[in-house]
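One-based numbering, in listed order, for ligands and for the atoms of each. Bear in mind that the values here come from a model prediction, so they are computed numbers and not experimental data. Worth knowing before you read on, the calculation uses all heavy atoms, side chains too, and leaves out hydrogens, waters and symmetry mates.
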Amino acid sequence: MKSRVPALALAAVGNALIAWAAPAQKSLVTSSLQAATAATPDYIIIGGGLAGLTVANRLSEDPSINVLVIEAGGDNRTSVMINTVSTYSEAFGTSLDWDWQTTQQVGGSTKNIKGGKTLGGSSSINGAAWTRGATEQYDALEQLGNEGSLQPYFVKSEHFYSPNEAQKALGAGMANNVHGTSGPISASYTPANSGNQRRMYTDAYGDKFLQAASNALGLRHITDICNGDIHGTGATTPNSITPSSQVQQLRSSAATGYISPIEYSRSNIKVLVGWRGVKALFQDAQNPTRVTGAVLQQSKNGAQQNVTAKKAVIVAAGAIRSPQFLELSGIGDSNIIEPLGIKTVVDLKGVGRNLQDQTMNTIGAAIKSDFQGSGPSSTIAYPTIWQLFSNASAVKTHLEKNYDTYAAQIVAAGGAVSADAVKAQWKIQTDLLWNKNTSASELFADHGFPSGQFGQDTWPLLVYSRGSVHISENNAFHHASVDPGYYRLPIDMDVNVATLRTARRLYQTSPLQETLNSEQVPGFGKVPNSGQYGSYADWQKWILKGYVPVSHQLGTCQMAPQSLGGVVDSSGRVYGVDAGSLRVVDASILPMQFSAHLSSSLYAIAEKFADSIKNSS
Ligand SMILES: Cc1cc2nc3c(=O)[nH]c(=O)nc-3n(C[C@H](O)[C@H](O)[C@H](O)COP(=O)(O)OP(=O)(O)OC[C@H]3O[C@@H](n4cnc5c(N)ncnc54)[C@H](O)[C@@H]3O)c2cc1C
Ligand SMILES: *[C@@H]1O[C@H](CO)[C@@H](O)[C@H](O)[C@H]1NC(C)=O
Ligand SMILES: *[C@@H]1O[C@H](CO)[C@@H](O)[C@H](O)[C@H]1NC(C)=O
Ligand SMILES: *[C@@H]1O[C@H](CO)[C@@H](O)[C@H](O)[C@H]1NC(C)=O
Ligand SMILES: *[C@@H]1O[C@H](CO)[C@@H](O)[C@H](O)[C@H]1NC(C)=O
């Protein structure tokens, strides 16, 4: 999707870091089933991605507990496509990316959703933007049943590096009492130095972009995007990268943060790569909903292997694949799984529904002179719904008047168990957007993309459409049916058009206007600059033709009351399964999006769930 600067020299640095911890003992990462299952695990974790590795590390802090992680992908920590963020996007479409093709979407096309198929999961291929949502969004999670604050877990997961004077001068800050400084995941601002050293993810226009947003919209500048108060703000944002004197682009992922440091020192944890979790195993007739282990398989035609778990199986395969694991296990809507020859163990209608992702469109304007830096900038503007629409009240009235019609549409499309279920979410969402002014869209300044331009990657943050993912065959190697329902409801297109009009407006506002040449993408030829920065019909046509998934998929095993389509309780225990012997912890449990990139929140949630599992056993 994007071309980045190759950073050949950096691969060597990555290798050196990994070799530096060199082994007295064998690596806990293995592709040998025999080595991985030498001891009977207490916990089997399905998926060695962001959440799975976080939980695995914490559970194995107790040396008497044995943990086995199953990861479908390989261990690619030393690959330059993984370990350097400056080459972000080179992993897309390779064997390191699941690259799930969707069903046909509104507008007629299919899209490809990305997800890391490698140790560390999507944290190994993501864009490394490190942001948090608004405080009231985490409070809303508590309203939906997630007891207890996430704040201590944000602190626990994070090693935040305070900006230096030069970075501070560019607008970077570190808010008091919100950050951790000794956790496994490094977060830091990119360097502010210039001269002949490239300033990755910083640029000459970021400050002008934020000033234009302030002039056009009244957007406030904040120095720390993780401070919980992001309403109508813009900021220079940190990245999940490890700072170092020469190299600023080394990725900090679940693999490097939660596995590398313990790789040669803990003997009670194994990570088996190149194998898939197929389904859960259950006890006999006496206790048919007690999970006793998992079935593993290495290839489509390979033999299936049973592995026992003394305490629990924890599903962390991500929002697209965790519901598949449950359905293959017999946990899901019986009307969907029984026709595929799967016996229902728990008829749980919410499994696989409530899929939510966002959609991105990038606009660009040509630069007047060459600039320092490469890659996208780390400057984000987060307008509120009031800043996007001059008639925001009318938009709200119209939306609420249509709740019943829209809910019926979502239920008919399989995106929710009931109209009440999806309306309960929308009420929270509308309250956040219109009453609490929680940021409605992201405008992510992108320096050098589109090629040679100053771009804005834009997306509405809290979508109203809902979709689904379900298996279509009784087989863990068969592609599931993935329908994110992009633009299923007109409100999502309305917010998207308003977002792009706003982005275009920023190009026409001082001081960005003087700094840039004219808009090239889409340009006034494709979307004439009529009336309000382009007509609705022209923008809609352009959006549907070119949008790409943001790949922030979530919601498919949501943490909510079962009556509202919930699949897990506030500790991640799957409803209807005995004694917490099957849990889910990953992006699938989030009921709704945050006004943020997801990873920092997911690390915190995984930390919290790990604590809750430890305390319950
Ligand atoms: C392209 C892209 C860009 C992103 N950019 C950002 C960003 O800039 N900032 C940010 O904060 N967030 C970003 N995100 C989001 C964030 O990285 C993800 O939301 C997060 O990693 C999801 O965590 P997870 O634990 O749910 O799943 P993942 O981290 O995806 O982990 C799931 C793991 O399970 C494995 N797996 C799947 N099925 C099986 C099976 N049956 N058996 C065994 N293993 C299995 C997968 O291979 C994978 O390793 C991005 C995501 C993507 C895809
Ligand atoms: C990822 O690692 C696996 C081994 O764990 C290897 O087989 C595969 O080739 C690697 N992929 C890439 C793209 O480096
Ligand atoms: C795995 O367990 C299932 C259910 O108990 C059983 O039917 C199957 O034969 C076992 N497979 C192997 C290879 O042991
Ligand atoms: C709000 O304004 C937009 C842009 O002018 C217009 O297209 C839309 O119909 C209006 N919405 C309502 C509900 O009035
Ligand atoms: C939200 O923004 C609107 C428009 O700027 C303003 O009238 C309102 O007071 C704000 N509400 C809150 C809670 O900040």
Student: Which heavy atom of the protein is the closest neighbour of atom 2 (O) of ligand 3, given with residue, atom name and distance?
Tutor: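 For atom 2 (O) of ligand 3, the nearest protein heavy atom is Asn306 ND2, 2.2 Å.
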
Student: Which one holds for Gln553 and ligand 1: side chain close, backbone close, both close, or neither close, with close meaning a heavy atom under 4.0 Å?
Tutor: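 It is neither part, as no heavy atom is under 4.0 Å.
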
Student: Polar-atom distance check: Ile125 versus ligand 1, any N or O pair below 3.5 Å?
Tutor: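 No.
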
Student: Describe, in one word, how the ring planes of Tyr161 and His159 are oriented to each other, choosing from parallel (under 30°), tilted (30 to 60°) and perpendicular (over 60°).
Tutor: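 Parallel, since the angle between the ring planes stays under 30°.
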
Student: May I ask you to check whether Ala72 has an N/O atom sitting below 3.5 Å from an N/O atom of ligand 1?
Tutor: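 Between Ala72 and ligand 1 (N or O atoms, distance only) the closest approach is under 3.5 Å.
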
Student: Tell me, with the steps shown, if Tyr486 and Tyr547 meet ring pair (Phe, Tyr, Trp, His ring centres under 6.0 Å).
Tutor: CA-CA 10 Å; Tyr486 295 130; Tyr547 77 90; 5.5 Å; yes

Student: Name the closest protein heavy atom to atom 1 (C) of ligand 4, giving the residue it belongs to and the distance to 0.1 Å.
Tutor: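 Residue, atom and distance for the closest contact: Asn391 ND2, 1.5 Å.
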
Student: How are the rings of Tyr403 and Trp426 set to each other: parallel, tilted or perpendicular (split at 30° and 60°)?
Tutor: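 Rings of Tyr403 and Trp426: tilted, 30 to 60°.
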
Student: Geometry only, no angles: is Lys117 polar-contacting ligand 1 at N/O separations under 3.5 Å?
Tutor: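 No, there is no polar N/O contact under 3.5 Å.
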
Student: Within a distance under 4.0 Å of any heavy atom of Leu598, pick out the atoms of ligand 1 and give their elements.
Tutor: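 This gives 10 (C), 11 (O), 12 (N), 19 (O) as the contact atoms.
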
Student: Would you indicate which of Ser122, Gly47, Gly318 comes nearest to atom 18 (C) of ligand 1 when only heavy atoms are counted?
Tutor: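 Shortest heavy-atom distance from atom 18 (C) of ligand 1: Ser122.
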
Student: Quick check: does Ala319 get an N/O under 3.5 Å from an N/O on ligand 1?
Tutor: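 By distance alone, the answer is no.
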
Student: Identify, for atom 31 (O) of ligand 1, the protein heavy atom at the shortest distance, and state residue, atom and that distance.
Tutor: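 Protein heavy atom with the smallest distance to atom 31 (O) of ligand 1: Gly49 CA, 3.2 Å.
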
Student: Measure across Glu71 and Gly47 and return the closest heavy-atom pair with its distance rounded to 0.1 Å.
Tutor: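 So the minimum-distance heavy-atom pair works out to OE1-C, 3.9 Å.
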
Student: Would you call Lys117-Asp97 a salt bridge at under 4.0 Å N-O?
Tutor: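 No salt bridge links Lys117 with Asp97.
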
Student: Once you restrict to heavy atoms under 4.0 Å, what part of Phe92 touches ligand 1? Side chain, backbone, both or neither.
Tutor: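 Side chain only.
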
Student: When you measure from atom 23 (O) of ligand 1 to every protein heavy atom, which one gives the shortest distance, and what is it?
Tutor: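 Minimum-distance protein heavy atom for atom 23 (O) of ligand 1 reads Leu50 CB, 3.5 Å.
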
Student: What protein heavy atom is closest to atom 4 (C) of ligand 4, reported as residue, atom name and distance in Å?
Tutor: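 Going atom by atom, the protein heavy atom closest to atom 4 (C) of ligand 4 ends up being Gln532 OE1, 3.6 Å.
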
Student: Provide, to 0.1 Å, the distance between atom 47 (O) of ligand 1 and the closest protein heavy atom, together with that atom's residue and name.
Tutor: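 The answer is Glu71 OE2, 2.7 Å.
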
Student: As an exercise, identify every atom of ligand 1 less than 4.0 angstrom from a heavy atom of His552.
Tutor: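 Reading through ligand 1 atom by atom, the close ones are 13 (C), 14 (N), 15 (C).
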
Student: If you have a sec, work out which protein heavy atom is nearest atom 5 (O) of ligand 3 and how many Å separate them, to one decimal?
Tutor: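 Of the protein heavy atoms, Leu281 CD2, 4.4 Å lies nearest.
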
Student: Return the residue, atom name and 0.1 Å-rounded distance of the protein heavy atom closest to atom 13 (C) of ligand 4.
Tutor: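 Of the protein heavy atoms, Ala394 O, 3.6 Å lies nearest.
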
Student: Would you check whether Leu602 has a nitrogen or oxygen atom less than 3.5 angstrom from a nitrogen or oxygen atom of ligand 1?
Tutor: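 Checking ligand 1 against Leu602, no N or O pair falls under 3.5 Å apart.
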
Student: Can you sort out which atoms of ligand 1 are near Gly116, meaning under 4.0 Å from one of its heavy atoms?
Tutor: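 Counting atoms of ligand 1 from 1, those under 4.0 Å from Gly116 are 46 (C), 47 (O), 48 (C), 49 (O).
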
Student: Output the list of atoms in ligand 1 that are nearer than 4.0 Å to some heavy atom of Ala316, sorted by atom number.
Tutor: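 Selected atoms, number and element: 32 (C), 33 (C), 34 (O).
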
Student: When the ring planes of Tyr88 and Phe92 are compared, do they come out parallel, tilted or perpendicular, using 30° and 60° as the limits?
Tutor: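 Perpendicular.
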
Student: Return yes if some donor-acceptor pair links the side-chain N/O of Asp586 with the main-chain N/O of Ala317 below 3.5 Å, else return no.
Tutor: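 Such a contact is found between Asp586 side chain and Ala317 backbone.
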
Student: In a check of side-chain contact (heavy atoms from CB on, under 4.5 Å) between Pro184 and each of Lys156, Glu158, Arg58, which one passes?
Tutor: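 Per the side-chain contact (heavy atoms from CB on, under 4.5 Å) rule, the option paired with Pro184 is Arg58, out of Lys156, Glu158, Arg58.
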
Student: Is there a side-chain contact (heavy atoms from CB on, under 4.5 Å) between Leu119 and Asn76? Walk through the geometry before answering.
Tutor: CA-CA 7 Å; Leu119 192 67; Asn76 304 99; over 6 Å; no

Student: Pick from Tyr382, Phe444, Trp130: which one makes a ring pair (Phe, Tyr, Trp, His ring centres under 6.0 Å) with His597?
Tutor: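 Of the listed options, the one satisfying the test is Phe444.
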
Student: Of all heavy-atom pairs between Glu473 and Leu340, which one has the smallest distance, and what is that distance?
Tutor: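 For Glu473 and Leu340, the tightest heavy-atom pair comes out as N-CD1, 3.9 Å.
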
Student: Between Ile230 and Gly133, which heavy-atom pair has the shortest distance, and what is it?
Tutor: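 Residues Ile230 and Gly133, closest heavy atoms: CD1-C, 3.9 Å.
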
Student: Say you draw a straight line from OG of Ser122 to NZ of Lys114; how long is it, rounded to the nearest 0.5 Å?
Tutor: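 Ser122 OG to Lys114 NZ: 11.0 Å, rounded to 0.5 Å.
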
Student: What residue and heavy atom of the protein are closest to atom 37 (C) of ligand 1, and at what distance?
Tutor: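 Heavy-atom neighbour on the protein nearest atom 37 (C) of ligand 1: Ala317 O, 3.4 Å.
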
Student: Indicate, with yes or no, if the rings of Tyr138 and Tyr153 have centres closer together than 6.0 Å.
Tutor: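 No, the ring of Tyr138 stays outside the 6.0 Å limit from the ring of Tyr153, centre to centre.
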
Student: Please state whether Thr118 comes within less than 4.0 angstrom of ligand 1, counting heavy atoms only.
Tutor: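 Checking ligand 1 against Thr118, which is what was asked, there is a heavy-atom contact under 4.0 Å.
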
Student: Pull out every atom of ligand 1 sitting under 4.0 Å from any heavy atom of Ile70, numbered as shown with elements.
Tutor: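 Taking each heavy atom of Ile70 in turn, ligand 1 has 43 (C), 44 (N) under 4.0 Å.
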
Student: Do His470 and Glu327 have a side chain donor and acceptor closer than 3.5 Å?
Tutor: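 On atom types as modelled, these side chains qualify, holding a pair under 3.5 Å.
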
Student: Please report the closest heavy-atom contact between Trp434 and Ala392, naming both atoms and the distance.
Tutor: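 Of all heavy-atom pairs spanning Trp434 and Ala392, the closest is NE1-O, 2.9 Å.
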
Student: Under 4.0 Å from any heavy atom of Ala587, which atoms of ligand 1 are there?
Tutor: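 Within the 4.0 Å cut-off of Ala587, ligand 1 contributes 26 (O).
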
Student: Looking only at heavy atoms, which two atoms of Tyr464 and Asp492 are closest? And how far apart?
Tutor: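 Taking Tyr464 first and Asp492 second, the nearest heavy atoms are N-OD1, 2.8 Å.
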
Student: Can you see which heavy atom on Trp275 is nearest to which on Leu296, and at what distance?
Tutor: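 Where Trp275 meets Leu296 most closely, the heavy atoms are CE3-CB, 3.9 Å.
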
Student: Just do the side-chain contact (heavy atoms from CB on, under 4.5 Å) check on Lys396 and Ile385 with the steps written out, would you?
Tutor: CA-CA 10 Å; Lys396 177 169 185 268; Ile385 207 89; over 6 Å; no

Student: So, for atom 11 (N) of ligand 4, does the protein have a heavy atom nearer than 4.0 Å?
Tutor: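 Looking at atom 11 (N) of ligand 4, one finds that a protein heavy atom does lie closer than 4.0 Å.
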
Student: Could an N or O of ligand 1 be found under 3.5 Å from any N or O of Ala51, whether backbone or side chain?
Tutor: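 Yes - when backbone and side-chain N and O of Ala51 are compared with those of ligand 1, one distance drops under 3.5 Å.
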
Student: Below the 3.5 angstrom mark, is there an N/O of Asn126, backbone or side chain, next to an N/O of ligand 1?
Tutor: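 So ligand 1 has an N or O lying under 3.5 Å from an N or O of Asn126.
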
Student: So which heavy atom in the protein is nearest atom 7 (O) of ligand 4, and how far is it from that ligand atom?
Tutor: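 The answer is Tyr536 CD1, 4.8 Å.
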
Student: Heavy atom under 4.0 Å from ligand 1: found in Ala128's side chain, backbone, both, or neither?
Tutor: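 It is the backbone that touches ligand 1; the side chain stays farther off.
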
Student: Below a 4.0 angstrom heavy-atom separation, can you tell me which part of Arg321, side chain or backbone, both or neither, approaches ligand 1?
Tutor: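 Looking at Arg321 and ligand 1, just side chain atoms fall under 4.0 Å.
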
Student: Going by heavy atoms, is Trp98 under 4.0 Å from ligand 1?
Tutor: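 Within the 4.0 Å threshold, so yes.
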
Student: Among all protein heavy atoms in this structure, tell me which lies nearest to atom 5 (N) of ligand 1, with the distance rounded to 0.1 Å.
Tutor: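 Protein heavy atom with the smallest distance to atom 5 (N) of ligand 1: Gly127 N, 3.1 Å.
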
Student: What do you reckon, does Gly277 have a nitrogen or oxygen under 3.5 Å from a nitrogen or oxygen of ligand 1?
Tutor: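 N/O-N/O distance under 3.5 Å: yes.
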
Student: Examine Val550 against ligand 1 and note whether any of their N/O atoms are separated by less than 3.5 Å.
Tutor: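 Checking ligand 1 against Val550, no N or O pair falls under 3.5 Å apart.
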
Student: Considering only the protein, which heavy-atom contact is closest to atom 52 (C) of ligand 1, and what is its distance?
Tutor: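 Looking only at protein heavy atoms, the one closest to atom 52 (C) of ligand 1 is Ser551 O, 3.8 Å.
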
Student: What's the verdict on side-chain contact (heavy atoms from CB on, under 4.5 Å) for Thr242 and Thr256, showing C-alpha distance, side-chain angles and the deciding distance?
Tutor: CA-CA 10 Å; Thr242 307; Thr256 67; 5.9 Å; no

Student: Go through ligand 1 atom by atom and flag the ones less than 4.0 Å from a non-hydrogen atom of Ser599.
Tutor: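 What qualifies from ligand 1 is 10 (C), 11 (O), 12 (N).
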
Student: For ligand 1, is there an N or O atom under 3.5 Å from any N or O atom of Asp586?
Tutor: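 No - when backbone and side-chain N and O of Asp586 are compared with those of ligand 1, no distance drops under 3.5 Å.
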
